[in-house]
Amino acid sequence: LESNDEEVKLSAWEDVPDLIEDGLISKEEVAAYKESFLKLLESNDEEVKLSAWEDVPDLIEDGLISKEDLPPRPEL
């Protein structure tokens, strides 16, 4: 969840809901890394940024981030 490679980090975050469901990580553990995901929303890599924004609704629905956590959404 904190890789230096943004694509690896994004891939890990995309798997988080399944990892929680399978009992491999807790919501509390994920919460400690929330800032790592939020940085992806402001990535200089447009593809990473777009993919991260696409994951936002699922992460909000799962209670892993909140709307208040989000930076202003750029025009994509």
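Residue numbers start at 1 and run along the sequence shown.
Asn44 CG: 12 or fewer foreign heavy atoms inside a 6.0 Å radius. Within a 6.0 Å radius of CD in Glu29, more than 12 heavy atoms belonging to other residues, nucleotides or ligands are found.
Between Arg73 and Val56 there is no side-chain heavy-atom pair separated by less than 4.5 Å. Side-chain contact between Trp13 and Asp58 is absent, with no heavy-atom pair separated by less than 4.5 Å. Counting heavy atoms from C-beta outward, Asp55 and Glu14 have side chains that approach closer than 4.5 Å. Taking the side chain as every heavy atom from C-beta outward, Leu1 and Ile25 approach each other to under 4.5 Å. Side-chain contact between Leu64 and Tyr33 is absent, with no heavy-atom pair separated by less than 4.5 Å.
At a threshold of 4.0 Å, the pair Lys9-Glu6 does not count as salt-bridged, since none of the basic side-chain nitrogens sits closer than that to a carboxylate oxygen.
Linking Ile, Leu, Val, Met, Phe, Trp and Tyr whenever their side-chain heavy atoms come within less than 4.5 Å puts Leu10 and Leu70 in one cluster.
Here the closest non-hydrogen pair linking Asp69 and Leu38 is O-CD1, 3.8 Å. In this structure, Ile20 and Ser26 approach most closely via the heavy-atom pair CG1-C, 4.4 Å.
Taking Ser51 as the reference, nothing meets the side chain to side chain donor-acceptor pair (under 3.5 Å) condition, with sequence neighbours excluded.
Atoms CD and NZ, on Glu2 and Lys39 in that order, are 8.0 Å from each other to the nearest 0.5 Å.
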